[in-house]
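Scroll down for the structure; my scribbles are underneath it.
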Amino acid sequence: MAYSPANDAASSDIIIIGFGAAGSSAAIEACTCGANVLVLERASAGGGSTAYSGGFVYLGGGTRVQKICGFEDSPEEMFKFLMASTPEPDEEKIRMYCDDSVAHFEWLESQGVTFDDSFYPHKHFEHPTNDGLAWSGNENAWPYSDKAKPAPRGHKVFVPDGEGKLGEGGFHLAHTLAERARTLGAHIECDARVIELIQDSTGRVNGVCYKKFGENKIAMAKHGVILAAGGFGENKEMAKKYSPELSDNRVHIVGAPYADGSSINLGLQVGGTTGYIGALITAPFYPPASLMKGILVNKHGRRFINEDSYHGRSCTASFRQPDGLAYLICDNAVFERPEFGGQPLIDAWETVADMEQALSISEGALQKTIANYNDNAEKGDDPDFHKTKEYLQPLDNPPYAALDCSVGKATYTGFTLGGLKVSKDSEVMDTDGSVVQGLYAAGACASTIAQDSIGYASGTCLGESTYFGRRAGRHAANF
Ligand SMILES: Cc1cc2nc3c(=O)[nH]c(=O)nc-3n(C[C@H](O)[C@H](O)[C@H](O)COP(=O)(O)OP(=O)(O)OC[C@H]3O[C@@H](n4cnc5c(N)ncnc54)[C@H](O)[C@@H]3O)c2cc1C
């Protein structure tokens, strides 16, 4: 929309749309650079999906916590891992993100987001303690373990007045960064839904139109507008277009209700284009870790993944099996109930042949898979999928149980990854590879580090949101 501002239109240096991790990080950095910042937030308070999150931030290369907990890491190994674990890695952004990771860790701590110098050693998808470090991806699972020296990089935000229980870390991160932005002078206007971007006669984005309690309002920005309004999981049409698996009704979308893709659509309307877009889809069957000693098989009775993979990878692989059918097969020695109960127990049988018949798997197929697996496990080997020795043991202790990991049976949840194509400084790019002047995007609405479920490491979303949010704020302030 082209618009000539009335004399009384509110004017700031920078307008930020959305007040989650990306928006607050952008605001902090822009205010620190001396800019006058207006944040427009659609909800009655900030936080967005950040406040729902686990509070894991993917950091490495030798952070204080990694060193104190006895883990060696380097930016180069972190770089190798992130390059190997994303389908279309953006080398420049990954390189910067890894080289700056220790400094970003220190920046977060200097804003009040701290990490405890302790390590959580067990397999979990979001450990229920305040320990500051955990394995949060596929670093020590094949094939990634062959491509980069493994190190845990999931840094979980410390919650001073809490215990680190589910969701506490994300809420604390969102709250701490928001308060910091406020303290530095950012003006936060809530219940303000941005509906359109304003461009000057050259096409430069220099303002926004927003709706507040039914009234349309205008705000102008001298330096730029930063889109930080989150992902698009709540927008069925967009999910269908960009990530069909996520639009499956059997996947529960998690996160903030206003993750409706408005940032991405606002960017597209002024010439922006999208980068790599994917989703995290998962239904963690662990903890307990003993379940990783079981085997995942499809309706043909065949294995398809190393079960010690990070849950995003093993569960997405299950989701993609023929007819969405997948079973976790255990014997009496390894069976325990999944802690979060997302996989129904189908039944238990005295013999593999009985189980095979009950699961309608062709006669002999499952028996062959298990016999083969047991032979190799006996030798501490898994030539097909390279499961680590720690989780390899023959399944020969009846009764045998099957947990249902099938789509529609197990509780699959998901959220989006990626959005607008951006430069290393978070400037929105057009289809020709030029910058859309005056417009930035960061966080879940931009394509930077996190790309898909198969290689996903928890913490990369909050990592990219805070890191590239900061870059957007700094670049816009210095324009
Ligand atoms: C359950 C769950 C757990 C997760 N755990 C982790 C984790 O541990 N580590 C990790 O890295 N990632 C995690 N993620 C992903 C991560 O939370 C998100 O990718 C990240 O929070 C995105 O931050 P953001 O600032 O881009 O968006 P958000 O935090 O969603 O903030 C966007 C804000 O924009 C506002 N908004 C929307 N539309 C408009 C509009 N038109 N005008 C004005 N304001 C608008 C929204 O109300 C919202 O407040 C998790 C996600 C979920 C759902």
Side-chain angles (χ1 to χ4, degrees), residues 15-27 38-59 124-127 134 136-137 153-157 164 166-174 177-178 188-197 208-212 219 225-235 252-267 279-280 282 284 312 413-420 426 441-446 448-450 456-469 472:
I15 292 175
I16 298 170
I17 306 174
F19 202 33
S24 53
S25 299
L38 170 67
V39 179
L40 296 172
E41 164 57 52
R42 177 177 174 174
S44 297
S49 292
T50 304
Y52 288 70
S53 75
F56 279 94
V57 190
Y58 200 80
L59 299 160
H124 209 293
F125 62 88
E126 187 186 324
H127 60 266
S136 69
R153 303 191 182 96
H155 286 66
K156 190 175 173 199
V157 171
L166 212 65
E168 275 185 3
F171 182 83
H172 185 70
L173 171 77
L177 292 179
I188 319 298
E189 192 168 337
C190 290
D191 301 303
R193 176 162 72 101
V194 174
I195 50 175
E196 207 167 352
L197 298 176
V208 305
C209 177
Y210 64 102
K211 230 180 179 55
K212 183 154 179 153
V225 171
I226 300 174
L227 300 165
F232 60 88
E234 295 297 334
N235 185 324
H252 305 275
I253 305 299
V254 286
Y258 295 142
D260 65 356
S262 61
S263 267
I264 297 171
N265 287 325
L266 287 166
L280 173 72
T282 190
T413 59
F415 56 80
T416 64
L417 304 172
L420 292 164
S426 305
C445 64
T448 51
I449 306 289
Y456 183 74
S458 189
T460 46
C461 288
L462 292 176
E464 67 184 2
S465 297
T466 50
Y467 179 76
F468 288 98

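Remember, it's 1-based here, ligands and their atoms both numbered in the order they're listed.
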Exercise for the section: Looking only at distances, please establish whether an N/O atom of ligand 1 is found under 3.5 Å from an N/O atom of A21. Expected result: yes

Exercise for the section: Inspect the contact between D260 and R42 and indicate whether a charged nitrogen and a carboxylate oxygen are less than 4.0 angstrom apart. Expected result: yes

Handout entry: Nearest option to atom 27 (O) of ligand 1, as decided by whichever heavy atom of G167, G230, A441 sits closest
Key = G230

Practice task
Just jot down the ligand 1 atoms closer than 4.0 angstrom to any heavy atom of G18, in number order.
Solution key: 33 (C), 34 (O), 35 (C), 44 (N)

Handout entry: ligand 1 N/O within reach of D260 N/O, cut-off under 3.5 Å
Key = no

Problem - Selection from S262, G231, A450 by shortest heavy-atom distance to atom 38 (N) of ligand 1 - result: S262

Practice task
Going by the side chain to side chain contact (heavy atoms under 4.5 Å, CB included) test, name the single residue among V208, I226, L38 that passes it with I17.
Solution key: V208

Completion exercise
For I17, the ligand 1 atoms with a heavy-atom partner under 4.0 Å come out as 42 (N), 43 (C)

Handout entry: Min N/O separation R193 to ligand 1 under 3.5 Å
Key = no

Handout entry: Any A228 heavy atom less than 4.0 Å to ligand 1
Key = yes

Exercise for the section: Would you check the N or O atoms of Y52, main chain and side chain alike, for any that come under 3.5 Å of an N or O of ligand 1? Expected result: no

Practice task
Heavy-atom contacts with F19 under 4.0 Å: which atoms of ligand 1 show up? List them by number with element.
Solution key: 33 (C)

Handout entry: Enumerated ligand 1 atoms positioned under 4.0 Å from heavy atoms of A22
Key = 25 (O), 26 (O)

Practice task
Check whether any N or O atom of C445, backbone or side chain, sits under 3.5 Å from an N or O atom of ligand 1, and answer yes or no.
Solution key: no

Exercise for the section: Please state whether Y456 comes within less than 4.0 angstrom of ligand 1, counting heavy atoms only. Expected result: yes

Problem - Distance from atom 17 (O) of ligand 1 to nearest protein heavy atom, with residue and atom - result: S53 CB, 3.3 Å

Practice task
Please determine if G54 has a nitrogen or oxygen closer than 3.5 Å to a nitrogen or oxygen of ligand 1.
Solution key: yes

Exercise for the section: With heavy atoms under 4.0 Å as the rule, classify the contact between Y210 and ligand 1 as side chain, backbone, both or neither. Expected result: neither

Problem - ligand 1 contacted by A259 (non-hydrogen, < 4.0 Å) - result: no

Practice task
Could you say whether the N/O atoms of G443 and ligand 1 ever approach to under 3.5 Å?
Solution key: no

Handout entry: G23 N/O to ligand 1 N/O under 3.5 Å
Key = no

Handout entry: L227, I188, V39 screened by side chain to side chain contact (heavy atoms under 4.5 Å, CB included) with I16, the one that passes
Key = V39

Exercise for the section: Report yes if some N/O of G459 lies less than 3.5 Å from some N/O of ligand 1; otherwise report no. Expected result: yes

Practice task
Before signing off on this row, confirm whether L462 and ligand 1 have an N or O atom pair separated by under 3.5 Å.
Solution key: yes

